[in-house]
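Read the structure below first, then the notes.
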Protein chains: 4
Amino acid sequence: MRKLPRQARALATTDAIRDAAAHVLGERGWQGLTTNTVAEAAGVSIGSLYQYFPNKLALIEAVRRRHFDDILLVLRNASDKTMPRERRIAALVEGMIAIHSRYPAAHHALLNECPRGEDSRRTHDFFAKEWRKSYEAVFAANARRAGDQSGIGASLLAGALAGAVHEAARRGTLDSPVMKQELLTMVDAYLARRQTVELPEPATTQARR
Amino acid sequence: MRKLPRQARALATTDAIRDAAAHVLGERGWQGLTTNTVAEAAGVSIGSLYQYFPNKLALIEAVRRRHFDDILLVLRNASDKTMPRERRIAALVEGMIAIHSRYPAAHHALLNECPRGEDSRRTHDFFAKEWRKSYEAVFAANARRAGDQSGIGASLLAGALAGAVHEAARRGTLDSPVMKQELLTMVDAYLARRQTVELPEPATTQARR
Amino acid sequence: MRKLPRQARALATTDAIRDAAAHVLGERGWQGLTTNTVAEAAGVSIGSLYQYFPNKLALIEAVRRRHFDDILLVLRNASDKTMPRERRIAALVEGMIAIHSRYPAAHHALLNECPRGEDSRRTHDFFAKEWRKSYEAVFAANARRAGDQSGIGASLLAGALAGAVHEAARRGTLDSPVMKQELLTMVDAYLARRQTVELPEPATTQARR
Amino acid sequence: MRKLPRQARALATTDAIRDAAAHVLGERGWQGLTTNTVAEAAGVSIGSLYQYFPNKLALIEAVRRRHFDDILLVLRNASDKTMPRERRIAALVEGMIAIHSRYPAAHHALLNECPRGEDSRRTHDFFAKEWRKSYEAVFAANARRAGDQSGIGASLLAGALAGAVHEAARRGTLDSPVMKQELLTMVDAYLARRQTVELPEPATTQARR
DNA sequence: GATGAATGAGCTTTCATTCAT
DNA sequence: CATGAATGAAAGCTCATTCAT
């Protein structure tokens, strides 16, 4: 951030800008997010926007941080050993559903469309590390089989859960109770497996060419 | 396609352009895919590109069609009842890994970043329908529990598998044998579950605000 | 107009752009009028041009409006019954000469070369109606023969006067006193005729083929 | 022309190309006339077109020559002293109407839109001279007043007639008998005037600004 | 602090023209 | 002679960013 807001008025301005950015991102995607659009949606001039955000990437960086915090909170709950296992898994699934219900498109755009600029790397890397650690904690707390040294189990869980939730958000079935049940089933089934599947003899299936 | 290639040399050109588009899409994403970049990567002039592809969208449309064909082929194998169940599941997982090993990031960008133009709707809608049907067939052929009238099980399977594979491609762990094992585990575990999980009493977990 | 100028400096910019457009149109015709040329001639950047004019057509639309206003003013004078007939006819001829002396070729290009965009239709249609009405008023006020229900007399007067003036502008003889005399003669002679000419028996003259 | 057609087949090709150019010019204007469009309309490849016409301008040059011939023929008739005066004037008006009835838009585009390239100057200049001489002959043969040393009378006649005819073509009233009558009236009235009009004392009419 | 006018690199796309086949 | 694939300069237009007011 180029300049720290010192007055309450300025703080309100930066909040308005960040909220407007999240809104525009959700409505129009990264393609349709232009600095002028955001400034207009926030009700400030483009000049004011640039007084607090040095460039376009810094804008979504602020949005990203908010989303990151939300996700980490959910993951923390999902590895909280003071709760029974089912409650933890439910917290994971329900938390993800809740987060993606708010600005479904914005969240999706944030993770999939928006480029990650050089100068915003640190923040992102920090979160990525936290995210990974949290997912590993979730895996460790809930899986019924041996450790996951490579982190592959955690990453699979993260990818599968995110993928299923995003797909559901796309189809508009995210708030269906059946979907919630199936998500719970999938997460629980994967984590509950004591042994991994035996790989059948190499099948000669392959993609074209 | 604006003009059909009639000479061998023109066919080579269109192929080179489509491959270059897939490559650039994978390397730089939709943002970084410019028509000039693609032309340069294909080793042809921008004019040649526009002789066969009416616009930027048509470019990725061609890439999309290729990926779609690949995926449908895999899904067809995965619901082929002449093979034993393990072989089918292995075909699904291995096929997906193979497809995403080629231009890992390209496939992800294709589905998540690229806008879908008016005129490319038909192709995409056709595929979306086929895709859904195929996944439903896969679910029906391999799940050990009752039917999936709403299609939610199939969509969850599709989303979870794609999400996990994409995440692995991002982390570069897609060709790890452990990853393949875990994918098999996840898919098999989800499909093998006879009953769905009981939802614990409403937990009061929620995202901020 | 895409954006209304709010500061004095912006108003000067839009004026400069419109004048430059008229100038370039006169010098190079519609073919040679490029947005960059106009911006350069106006001494502003291409971006500034597009801040006030949404596209190339809007540019000449602004020029057109100015010319239209000028012409309507002249026509109004030419049907002002408080002046004697000679004065009215002189007003018509002198007014047309004055208008076409400013950007001689621009006016011609405006009416003959420039395409008329969808969104500029309304303005043009409005003017076309006014123009027709005004010419009919001029004809009614100055012709020495019966009414012109079909409007053909008025349209002939309009076409002939414009044609002669444009041709003179092209040859550079528009400011010659003889030209003014001849224009007065032509207009007066046509309007003064009490009866129309008898058509001789069908001559068998024809163009080739 | 780059290469002279030596075989009958090649002559047919050049004719087809020129006719196609005239047709496209009439249908789509100079803007819409592209070399590929013309080649396609003529049913030949773009390569063949360029074998006979060195560039785009040479294409319309050929069309222009045809139109020029038509016009000169009409003007020649209009100054043919073996016919009575009314017949000559009728020949002028009827001939002009006939020419402009054929490809009205093409003719208009030819004279007003198409740029005159450096290398096509000679042909055009030759015609312009002939055209002027012919109009002067028409004026001399039909005007009832003293000579027109400056050529201004002839040029006014040319401009006024062309302007009125073009305006009529635009309005679609070119084939109306009333229009023919009015054209005859206008031409005859102008040429019949023995003395020019007296200019009233300078009126203070002026265009805006 | 706030404004919005001004900037210009860079994008997508067209089309006159060349040349290998 | 005929073909059409290939070329690339140049056009219209966008939008992140700066800076005078």
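Proteins get letters first, then strands, A, B, ... in listed order; numbering begins at 1 in each.
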Inset, instruction - Report yes if the side chains of D/F53 and D/I17 come closer than 4.5 Å at any heavy-atom pair, otherwise no. - result: yes
Inset, instruction - Calculate, to the nearest 0.5 Å, the distance between atoms CD and CD1 belonging to D/E40 and D/I46 respectively. - result: 10.5 Å
Legend entry - Length of the OH-C1' vector between D/Y52 and F/dC1, whole Å: 7 Å
Legend entry - Selection from F/dA2, F/dT17, E/dA6 that lies nearest to any side-chain heavy atom of D/T13: F/dA2
Inset, instruction - Quick one: pull up CZ in A/F68 and CD in A/E61 and give me the separation to the nearest 0.5 Å. - result: 7.0 Å
Inset, instruction - Could you check if a side-chain atom of D/Y50 sits within less than 4.5 angstrom of a side-chain atom of D/T35, using non-hydrogen atoms only? - result: yes
Legend entry - Distance-minimising heavy-atom pair for C/T14 and C/Y52: CG2-CG, 3.5 Å
Legend entry - Distance, rounded to the nearest Å, where D/I17 contributes CD1 and F/dA2 contributes C1': 11 Å
Inset, instruction - Enumerate the residues from residues 23-42 of chain C whose closest heavy atom to DNA chain E is under 4.0 Å, giving them by residue number; use none for an empty result. - result: none
Inset, instruction - Mind calculating the distance between CG (A/L11) and P (E/dA2) to the nearest angstrom? - result: 12 Å
Inset, instruction - Flag the pair C/R102 / C/H107 as yes when at least one side-chain heavy-atom distance between them is below 4.5 Å, and no otherwise. - result: no
Legend entry - Short side-chain to backbone donor-acceptor contact, C/R18 and C/L59, under 3.5 Å: no
Inset, instruction - Would you write the dot-bracket representation of DNA chain F, where each base gets (, ), [, ], | or . depending on whether it forms a Watson-Crick or G-U pair under 3.5 Å and with which partner? - result: .||||||||||||||||||||
Legend entry - Atom-pair distance (CG on A/L59; P on F/dT17), nearest Å: 10 Å
Legend entry - Spacing of C/K56 atom NZ relative to E/dT14 atom P, expressed in whole Å: 15 Å
Inset, instruction - Measure the shortest side-chain to side-chain distance between B/W30 and B/K56 over non-hydrogen atoms and say whether it is less than 4.5 angstrom. - result: yes
Tabulated below should be each protein N or O lying under 3.5 Å from an N or O of nucleotides 7-9 of chain E; please produce it.
from	atom 1	to	atom 2	distance (Å)
E/dT7	OP2	C/S45	N	2.9
E/dT7	OP2	C/S45	OG	3.4
E/dT7	OP2	C/S48	OG	3.1
E/dG8	N7	C/G47	N	3.4

Legend entry - Rounded interatomic separation in angstrom, taking CZ from A/R9 and P from E/dG1: 7 Å
Inset, instruction - Output yes when at least one side-chain N/O atom of B/Y50 is less than 4.0 Å from OP1 or OP2 of E/dT14, else no. - result: no
Legend entry - Residue pair C/A169 / C/P104: nearest heavy atoms and the distance that separates them: CB-CB, 3.8 Å
Legend entry - Interatomic distance where CG belongs to B/N55 and C1' belongs to E/dT13 [whole Å]: 9 Å
